[in-house]
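First comes the structure, then the notes that go with it.
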Amino acid sequence: MARCPVCFRHCEIKDGALGFCGGRTAVDGKTVSANYGRITSLALDPIEKKPLARFCQGSYILSVGSFGCNLRCPFCQNYEISWSQEAFRFGETADRLSPEELVELAMNTRPRGNIGIAFTYNEPLIGYEFVRDTSKLAKDRGLKNVLVSNGTAELEILGEIAPYIDAMNIDLKGFRDDYYRDLLGGSRKQVMDFIQKAVETAHVELTTLIIPGENDSEEEIRDLSRWVGDLRNPDGQPVPLHITRFFPRFHMTDRGATDVKWVYHLADLARESVKYVYVGNC
Ligand code: SF4
């Protein structure tokens, strides 16, 4: 049995089996990425869609995703590639791209405004080896690297990729331990530690998806934004916060979309502590 070092779950994995996230396996008693270079999604997106509001505004970025996820958010917007039955089938069907091939694609899209590569759509860090190898090559070619992550990884894993990552959008999905643990299958502490370390080396922006009846109280948003308000990026600027609107998806269809007025109201509350607050999906 191999013990996975990537996230708080520290799965014990038998050779050839998959860890909880479906993206890692074990070979000769050592865990490795099972989704290395296995591509399920590829698109040239506006950087604002990551979302990043204060990093290379107006540019595009080649955005790439694989399969698997170490959380179990019932409202996942990308469940087809993250943790549904279909997601785990991508182990057999996903296309393959080497780091060299992906960097070449990114270079070829530079004339269309591309600044680099964004690792996104599913949770990239369960396959951190591909992120590390590709972003290193991309950096050598003068490209920017962006990570869009749930922040649920050990700091040693962040340390492996941090030298090559220019910007990150990290989910801070709520500000209660029970919300992270019981609804998402996550660890708020691990995410907060990750964010505090990430801001030391990369431009970081945070995203909070507002779920009606779960994390949408004034008190929770005030607590969350007070913590965010103390964070600073490497240039000394405050860390931006994106407050986004939920739509019923996947296993959470028992309630409607977040009321738009309430999203704007919570964003106004967040502005009491955070300088840059953006509203999304409204
Ligand atoms: S990254 Fe995947 S295999 Fe590793 S501990 Fe987390 S859930 Fe388990």
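These numbers were taken from a predicted model, which means no experiment stands behind them. Atoms within a ligand are numbered from 1 in the order they appear, just like the ligands themselves.
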Review point. Between Asp178 and Arg181, is there a side-chain N and carboxylate O pair less than 4.0 Å apart?
Key: no
Exercise for review: Would you please classify the geometry between the Phe75 ring and the Phe246 ring as parallel, tilted or perpendicular, with 30° and 60° separating the classes?
Suggested key: perpendicular
Practice item. Only counting residues at least two apart or in another chain, list the ones meeting side chain to side chain donor-acceptor pair (under 3.5 Å) with Thr120. Key: none
Check your understanding: According to the salt bridge (charged side-chain N to carboxylate O under 4.0 Å, His left out) rule, which pairs have a member within residues 25-46, sequence neighbours left out?
Key -> Asp45-Lys49, Asp45-Lys50
Check your understanding: From atom 8 (Fe) of ligand 1, how many protein N/O/S atoms are found at a distance short of 2.8 Å?
Key -> 1
Exercise for review: For Asp216, check salt bridge (Lys or Arg N to Asp or Glu O under 4.0 Å) against everything at least two apart and list the hits.
Suggested key: none
Review point. Sub-3.5 Å donor-acceptor pair from the side chain of Asn281 to the main-chain atoms of Arg245, do we have one?
Key: yes
